[in-house]
Amino acid sequence: MLRRMQVYVSVDMEGVAGIVHVDQTRRTGHDYEKARRWMTAEANAAVLGAFDAGATGVVVNDSHGDMRNLLLDELDPRAEILSGSLKPLSMVQGVGSTHGVALFVGYHAGAGSHAGILDHTYYGRVVARCRLSGRVANEALLNAIVCGELGVPLGLVTGDQTVCAQARETFGEGVVTVAVKESTSRYAARSISPELARAKIREGARRAVERAPELAPFRPPAPHVLEIDFVNSGCADAAELVPGTRRLDGLTTRYEAPDGDTLIRVIQAWTVLAGSTMV
Ligand SMILES: [Zn+2]
């Protein structure tokens, strides 16, 4: 058993069992209220698994959209919740060197993936593809860099089979993956039941926390060369306003980030500016 283990959980929505459409993931969508309960239950499953493994504290970061999705009354009272936006570190706000492991729940494939439910990277309306140091990046990769630089390894990724495959390819077999659905296209999947998904996530979180002491933090060498292909040149015009940004062509901007903290801030600054130009 672990002597002391604080656990960090980042919870997104698109990778939750049963979710296949923005009608479920947008606050104004008809099925949103039901979907946010599924999301909360999967977050709770990770919290329970962490405590099963002997965690001494768990913080949960609501990492989707306006970051006010999780239903606090339905979460394990032992967990603390980060909710609301804007957060400087967005999906990994609140992670710190006191955490022994990070768990990413309800995650999804990066923008431009094939057969990934609601694939996108940070801001789907404006980002067509994101690359980091030449390779296509998803949110798990970007967020794991922030965790890794604080010495926090990534222990668990849950979502569809595509984000799970991307996680194993990026982080190796040490990361536990739980596929709760098999995506056939961007808006269709064969899902296990929400109830079974929760049982698997609880078990996966328990294993991830138990094996955390043997996991190496994810630390690709800096600088982190960020490139985003935007959906139109107006978005890139706006992103280019951020000092230090280089414009590569009509659609693409580049930034050499010295660390993960800067990386996430630049992604947010670019996409907030780019989003402001959308008509
Ligand atoms: Zn996301």
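Quick note: residue numbers are just sequence positions, from 1. Counting starts at 1 for both ligands and their atoms, following the listed order.
Checking Ile19, Ile201, Val105, Asp160 one by one against Val180, the side-chain contact (heavy atoms from CB on, under 4.5 Å) holds for a single residue, Ile201.
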Discussion item. Could you go through Leu71 and Arg37, starting from their C-alpha distance and side-chain angles, then the distance that decides it, and tell me whether this counts as side chain to side chain contact (heavy atoms under 4.5 Å, CB included)?
Written reply: CA-CA 7 Å; Leu71 298 162; Arg37 288 210 304 277; 3.4 Å; yes

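Within Asp12, the N, O or S atom at minimum distance from the Zn ion (ligand 1) carries the name OD2. Nearest N/O/S atom of Glu139 with respect to the Zn ion (ligand 1) is recorded as OE1.
For the Zn ion (ligand 1), the set of nearby N, O or S atoms under 2.8 Å includes none belonging to His64.
A donor-acceptor pair shorter than 3.5 Å cannot be found between the side chains of Tyr107 and Ser63.
Around atom CZ of Arg247, more than 12 heavy atoms belonging to other residues, nucleotides or ligands sit under 6.0 Å away.
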